[in-house]
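What follows is a single structure, written as structure tokens, with notes after it.
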Amino acid sequence: GDAAAAEIRLADGRVDYLIIADKPGKYQVKLDDGTTFALEGRIGLASKLPDGKVELHLLDGTSLSFGTHSVSQQAAAYSGVIIAVDPAAWSFDVTPACADPSKLAGRNLSVDRHGIKFSLEVLRAENTGNATRLFVHCPPLAEVFQVKGQADGKLKVNETESRAGIVDMQFRRTGMEITGASGKRYLIDLRLLKERELWLRTANRNDLNREVLAREFPTGTEVKVFEYAPGMKITVPLTVEGEF
């Protein structure tokens, strides 16, 4: 992949050396004084301080070295699949379990919501059985709608509860889930604000005719839209630092 290296000299005498790449790999730079700066990953920063100390910041990767100094970690990120959600606690369980859940607190995780990614802050994390429980800064329930009618591929709705701002409504709906009366999960592709409609999508377009939607989402019933749900993948980038 493509990578770039930079040397940044600050007024206080500190010198920063940065390697950043578009994809993980092995990258190495030889400095004018013969020092080797090497990264296995995507982003690494080394700083030479005015007092002679060296700081290393492995921001995305598994190892970073500057001369004789190095830091490393087993994985650049913790990732897994949501298997259960606790709406009251604003938490969800992920498998496989993280080897050291204490490393996750205070970090931002990425949720892959059917191809659409968004971030949540991890407030705390703990292992329970064979899963890691992550407590985040927002509830799973994003919106509640009341069904006013059905048409092929869409529901006409009124909003009864919202956690979103008007500006980001159209974009936040993409890839979110709703569940029909049968327990089947449907994806919301787009919401058109003026017409108050939810457009739905599934692998089989025949699932989306008006008759099916009338059975799955009867007029007058509530439709709940969730930010995160079982089956979604999460990733938490891990970092490591050292001072020498």
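The analysis underlying the following values was restricted to heavy atoms, covering all of them including side chains, and did not include hydrogens, waters or symmetry mates.
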Residue list, salt bridge (charged side-chain N to carboxylate O under 4.0 Å, His left out) with Glu126, at least two apart or on another chain: Arg124
Where is the tightest heavy-atom contact between Ser79 and Thr235, given as atom of each residue plus distance? CB-OG1, 3.8 Å
Taking the side chain as every heavy atom from C-beta outward, state whether Phe244 and Thr68 have any atom pair closer than 4.5 Å. no
Whether Glu216 side chain and Ser182 backbone form a donor-acceptor pair below 3.5 Å: yes
Verify side-chain contact (heavy atoms from CB on, under 4.5 Å) between Ile234 and Tyr228, making sure each step is shown before the conclusion. CA-CA 10 Å; Ile234 68 102; Tyr228 47 88; over 6 Å; no
Is there a side-chain contact (heavy atoms from CB on, under 4.5 Å) between Leu10 and Ile8? Walk through the geometry before answering. CA-CA 6 Å; Leu10 306 180; Ile8 305 156; 3.9 Å; yes
Grab the two heavy atoms, one from Ala131 and one from Ala97, that are nearest each other, plus how far apart they are. C-CB, 3.8 Å
Should Val157 and Phe217 count as side-chain neighbours, where that means a heavy-atom distance under 4.5 Å? no
What is the minimum heavy-atom distance between Thr132 and Ala125, and which atoms define it? CG2-CB, 4.4 Å
Checking the side chain of His57 only, and the main-chain atoms of Leu45 only, is there a donor and an acceptor separated by less than 3.5 Å? no
Are the side chain of Asn130 and the backbone N or O of Pro96 linked by a donor-acceptor pair below 3.5 Å? no
Shared hydrophobic cluster for Val15 and Leu56 (ILVMFWY, side-chain gaps under 4.5 Å): yes
Just verifying a value: how many Å separate Thr62 OG1 and Lys26 NZ, rounded to the nearest 0.5 Å? 8.5 Å
Does Gln73 reach the main-chain N or O of Gly61 with its side chain, forming a donor-acceptor pair under 3.5 Å? yes
Please tabulate, for side-chain N and O atoms in residues 46-53, each donor-acceptor pair with protein atoms closer than 3.5 Å (sequence neighbours left out).
unit_1: Ser47; atom_1: OG; unit_2: Arg14; atom_2: NH2; d: 3.3
unit_1: Ser47; atom_1: OG; unit_2: Asp16; atom_2: OD1; d: 2.6
unit_1: Asp51; atom_1: OD1; unit_2: Lys53; atom_2: N; d: 3.0

Residues pairing under side-chain hydrogen bond (donor to acceptor under 3.5 Å, both in side chains) where one sits in residues 82-109, two or more places apart or in two chains, turn out to be Asp93-Arg133, Asp100-Ser102, Arg107-Thr239
To the closest 0.5 Å, what do you measure between NE2 (His69) and CD (Glu243)? 10.5 Å
Between atom CG of Leu64 and atom OG of Ser72, what is the distance when rounded to the nearest 0.5 Å? 10.0 Å
Kindly indicate whether the side chain of Val71, heavy atoms from C-beta on, has any atom under 4.5 Å from the side chain of Glu241. no
ring-ring contact (aromatic ring centres under 6.0 Å, His included) partners for Tyr17, two or more places apart: Phe66
Give the table of side-chain donor-acceptor pairs shorter than 3.5 Å for residues 28-43, with sequence neighbours excluded, one pair per line with atom names and distance.
unit_1: Lys30; atom_1: NZ; unit_2: Thr36; atom_2: OG1; d: 3.1
unit_1: Asp33; atom_1: OD1; unit_2: Thr35; atom_2: N; d: 2.9
unit_1: Asp33; atom_1: OD1; unit_2: Thr35; atom_2: OG1; d: 2.9
unit_1: Asp33; atom_1: OD2; unit_2: Thr35; atom_2: OG1; d: 3.4
unit_1: Arg42; atom_1: NE; unit_2: Asp60; atom_2: OD2; d: 3.0
unit_1: Arg42; atom_1: NH1; unit_2: Ala21; atom_2: O; d: 3.1

Check against side-chain contact (heavy atoms from CB on, under 4.5 Å), Val136 and Phe92: CA-CA 8 Å; Val136 294; Phe92 49 86; 3.8 Å; yes
Transitively linked via ILVMFWY side-chain contacts under 4.5 Å: Tyr78 with Leu59? no
For Arg210 and Asp152, work out which heavy atoms get closest and say how close. N-OD1, 2.7 Å
Other residues, nucleotides and ligands only: do more than 12 of their heavy atoms fall within 6.0 Å of CD on Gln74? no
Test of understanding: clusters of I, L, V, M, F, W, Y form through side-chain heavy atoms closer than 4.5 Å, transitively. Do Val240 and Val54 belong to the same one? yes
Tell me, with the steps shown, if Leu120 and His137 meet side-chain contact (heavy atoms from CB on, under 4.5 Å). CA-CA 7 Å; Leu120 295 172; His137 75 294; 3.7 Å; yes
Could you grab the distance from atom CZ of Phe145 to atom CG of Leu155, nearest 0.5 Å is fine? 10.0 Å
Val122-Phe135 co-clustered via ILVMFWY side chain contacts under 4.5 Å: no
Could you measure the distance from the NZ atom of Lys224 to the CZ atom of Phe226? Nearest 0.5 Å is fine. 6.0 Å
Under the rule for ring-ring contact (aromatic ring centres under 6.0 Å, His included), what residues qualify as partners of Phe118, not counting sequence neighbours? none
What one should report as the nearest heavy-atom pair of Val85 and Ala229 is CG2-CA, 4.1 Å
To the nearest 0.5 Å, tell me how far Lys23 NZ sits from Asp2 CG. 8.0 Å
What's the shortest heavy-atom distance between Val94 and Leu134, and which atoms? CG2-CD1, 4.1 Å
Is there a continuous path of hydrophobic side-chain contacts, each under 4.5 Å between heavy atoms, that joins Tyr27 to Leu18? no
